[in-house]
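The structure under discussion appears below in the form of structure tokens.
Every chain is numbered from 1, with letters handed out A, B, ... down the list of sequences. Worth saying up front: this structure is predicted, and the values here are computed from it rather than measured.
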Protein chains: 2
Amino acid sequence: MSDTGVDMAKVTLQSVADEVGVSRMTVSNAFSRPDQLSKDLRERILATAERLGYSGPDPAARALARGRTGSVGLLLNGPLSEAFEDDVSAEFVAAVADELTRRGLALTVLTPPQDDGFLPARDVAVDGALVYTCDPDSAGVVWLGRRKLPVVAVDQDLGSDVTTIGVDDVSGARAGAQHLLDLGHRRIGVLALTEQYALDPPNRDRLLGWRETLAASGVEPVVARTTLLPRSAALEAATELLESSDVTAVLCFDDVFARAVITAAAALGRSVPGDLSVVGYDDSRVATAGVPALTTVRQDVTTKGHLAAGALADLLGGRAASSHTLPTELVVRDSTGPVPAP
Amino acid sequence: MSDTGVDMAKVTLQSVADEVGVSRMTVSNAFSRPDQLSKDLRERILATAERLGYSGPDPAARALARGRTGSVGLLLNGPLSEAFEDDVSAEFVAAVADELTRRGLALTVLTPPQDDGFLPARDVAVDGALVYTCDPDSAGVVWLGRRKLPVVAVDQDLGSDVTTIGVDDVSGARAGAQHLLDLGHRRIGVLALTEQYALDPPNRDRLLGWRETLAASGVEPVVARTTLLPRSAALEAATELLESSDVTAVLCFDDVFARAVITAAAALGRSVPGDLSVVGYDDSRVATAGVPALTTVRQDVTTKGHLAAGALADLLGGRAASSHTLPTELVVRDSTGPVPAP
DNA sequence: TACAAGTTCTGTACCGGTCAAGAAACCAGG
DNA sequence: CCTGGTTTCTTGACCGGTACAGAACTTGTA
């Protein structure tokens with residue numbers, strides 16, 4: 001009966017089964033559980049399927065029947081541009097995707113809702129999700145909770161019952177601050193994220209670490225705040241910080257901000273590290289890409305991504321997943337030096 | 001009967017319906033088509049659902065019943081690291097995700113297969129896919145075809161029946177080459193991707209544009225090849241190019257390579273643009289981030305992403321989608337200058 | 001030779017929704 | 001009071017598979 005091969009009507013498991021003359025279940029097994037039928041019959045079924053233009057079990061139907069989709073969500077806050085255009089986030093996403101693939105899972109980006117009634121965190125089929133520095137009260141996080149999906153939190157706290165992968169930012173920040181103190185700096189500036197990120201753990205913890213350590217030496221930092229985007233914002237904030245205060249060193253939320261401070265300093269005729277010391281954070285690409293190479297606090301973002309993806313995969317596989325706090329390490333390069341002579 | 005609110009047994013549409021005393025379909029409408037029932041009843045249903053801990057229709061089941069998942073795939077080649085850690089790709093992905101969200105769609109990254117039998121392009125439920133510079137013969141592309149999914153090709157050719165969003169790289173490359181010729185350069189080097197990317201349209205077209213234009217003036221370029229990763233590869237290739245030839249200018253596949261050439265030149269005691277002219281491509285962040293600012297060929301990656309996502313969304317919505325070839329524009333900055341005196 | 005232990009394949013019961021058409025109640029106009 | 005158009009809710013079929021418990025045949029083995 002079957003003719004051309006590429007057909008007009010929809011080709012389903014059933015149609016292949018009818019054509020071969022076996023039960024639907026057997027065809028299903030031919031695709032999904034090869035050990036359940038004879039090699040001979042299986043090949044016959046696969047050949048017929050090929051001829052009929054059947055491309056294998058429909059993923060959506062399979063997802064419903066099996067109860068899992070083969071894809072996990074990644075919940076990000078803010079505009080995607082922030083996540084993808086930032087070196088550190090991008091590296092994290094890449095690491096997550098790599099590890100997930102290795103575990104047999106795809107990655108679905110659960111974008112924050114925009115205009116209409118479509119809310120990925122509520123409406124897209126995923127087996128679980130990674131929550132990356134999101135507001136715990138945001139719609140996305142709340143819906144994932146309602147759906148009772150397995151979740152792994154990254155760089156944030158979602159409660160003690162949620163597996164969490166984090167970085168010891170407080171220690172990292174402390175090390176950076178102590179480094180400046182050791183070099184003799186006492187008038188120290190800080191370039192952090194705006195209040196809007198007050199609860200964002202990285203921002204909060206780094207600020208905390210700096211403040212604690214500086215306070216222990218009786219230093220009260222001059223705090224300037226800015227946003228990740230637009231990129232020009234950091235430069236403006238840095239310029240203002242340098243113009244309005246007489247700090248001899250600046251601790252920055254990340255390496256990009258550190259570069260902005262260096263650029264701003266240069267524009268004001270001050271050189272780094274001669275006239276001003278600058279400490280970055282992350283040890284991302286830009287830390288070593290420019291001149292001078294940045295003194296910064298290194299965190300292993302790729303490992304963070306691997307661990308997070310692995311933990312979620314474990315959870316989905318019914319295995320236990322443990323939380324981790326990754327260490328940080330001060331890397332001293334060329335952007336910091338002793339206090340300039342008065 | 002219902003007690004605590006958070007229940008043990010699975011809560012389905014049916015259980016909510018039973019509790020309220022209406023048909024299952026009515027509950028479905030309460031969530032998916034509010035205009036199909038009285039406001040009063042709808043509120044009662046929603047309240048009951050809330051109390052029972054029902055978080056709305058199951059996405060997987062809905063996907064099967066409706067025939068669409070609400071998510072589209074993005075097929076990338078090579079390791080994800082290449083896609084996400086490259087500024088240009090990252091910007092593209094961000095633009096795609098932004099536009100998709102606006103259109104009520106989520107984005108699923110269809111990673112290339114690794115070890116086991118899991119192949120996202122075949123096994124993950126999506127409504128359509130974006131194919132971004134992939135080998136047309138790769139498993140991923142082939143499976144998307146078998147599944148007869150709506151597809152939009154980006155920066156590559158998948159046949160005339162496939163909607164394609166591309167960039168006029170040939171013209172862009174021509175402009176870059178002509179610029180060097182106009183400055184008087186005759187010994188010109190080229191830093192392209194390795195043969196493995198021979199069929200990659202951007203690489204192919206840029207090479208073509210350079211060659212054509214240079215040939216028209218009787219110039220045969222010195223071709224060096226390298227890979228995107230590891231990043232150090234470009235620096236090595238650039239160094240070798242400069243050491244083994246006496247080119248006075250180099251045309252680069254992208255801005256990152258251009259920076260590598262400049263760094264290599266500096267290490268060899270040659271300054272840009274005094275001793276050597278360098279032309280980048282893309283006008284990405286690194287083009288203006290360092291010194292000197294790069295003369296480069298600008299392409300609008302964000303628009304490319306918006307167009308691609310929009311075209312796919314149109315296709316899924318049953319609308320026609322048209323192909324586009326985006327223009328390029330030579331941006332002359334500080335990395336090119338006249339031929340140095342002999 | 002006969003019984004426990006594989007293989008192979010089949011039946012039936014879901015998975016949790018949505019669609020399209022129909023029935024019941026409601027309302028206005030003639 | 002009857003007719004036709006709405007609004008509101010229900011009915012049955014279907015989306016395209018998978019899980020699990022047998023049934024029918026082979027085998028190994030005592």
Considering only nitrogen or oxygen atoms on both sides, find all protein atoms under 3.5 Å from nucleotides 19-25 of chain D and state each distance.
| residue | atom | partner | partner atom | Å |
| --- | --- | --- | --- | --- |
| dA19(D) | OP2 | R33(A) | NH1 | 3.2 |

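Comparing L64(B) and T26(B) along DNA chain D, the residue whose closest nucleotide (by nearest heavy atom) sits nearer the 5' end is T26(B). Mapping L13(A) and K39(B) onto DNA chain D by nearest heavy atom places K39(B) at the nucleotide closer to the 5' end.
At the heavy-atom level, S23(B) lies under 4.0 Å from base atoms of the strands shown.
Computed from coordinates, the E43(A) CD to dT8(C) C1' distance equals 16 Å when rounded to whole Å. As a whole-Å value, the separation of R24(A) CZ from dT12(C) C1' is 9 Å. For L37(B) and dA24(C), the CG to C1' distance is 16 Å, given to the nearest whole Å. As a whole-Å value, the separation of I45(B) CD1 from dT10(D) C1' is 12 Å. As rounded to whole Å, 3 Å separates atom P of dG17(C) from atom OH of Y54(B). Regarding D18(B), its CG atom lies at a distance of 14 Å from the C1' atom of dT10(D), rounded to whole Å. Distance, D35(B) CG to dT6(D) P: 15 Å, rounded to whole Å. R42(A) has its CZ atom 13 Å from the P atom of dT8(C), to the nearest Å.
Nearest nucleotide to the L41(A) side chain, out of dC9(C), dG16(D), dG17(C): dC9(C).
Considering only heavy atoms from C-beta on, S32(A) comes within 4.5 Å of R66(A) through its side chain. Inter-residue side-chain proximity for V141(A) and L75(A) is flagged as met; some heavy-atom pair is nearer than 4.5 Å. In this structure, the side chains of V109(A) and V93(A) stay at 4.5 Å or more apart for every pair of heavy atoms.
Sorted by first and then second residue, the ring pair (Phe, Tyr, Trp, His ring centres under 6.0 Å) pairs involving residues 14-63 of chain A (not counting sequence neighbours) are F31(A)-Y54(A).
For dC9(C), one of the phosphate oxygens OP1 or OP2 lies less than 4.0 angstrom from a side-chain nitrogen or oxygen of S38(A). Listed pair S32(A) / dG17(D) fails the phosphate criterion, with no side-chain N or O lying under 4.0 Å from OP1 or OP2.
For L199(B), the CG atom is loosely surrounded, since the number of other residues' heavy atoms within 6.0 Å does not exceed 12.
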Next item on the list: For side chain to side chain contact (heavy atoms under 4.5 Å, CB included), just list the numbers for T111(A) and L107(B), CA-CA rounded to whole Å, side-chain angles, deciding distance to a tenth of an Å, and then say yes or no.
Entry: CA-CA 8 Å; T111(A) 53; L107(B) 175 69; 5.9 Å; no

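Of the residues V126(B), L316(B), T69(B), the one that meets the side chain to side chain contact (heavy atoms under 4.5 Å, CB included) test with L105(B) is L316(B).
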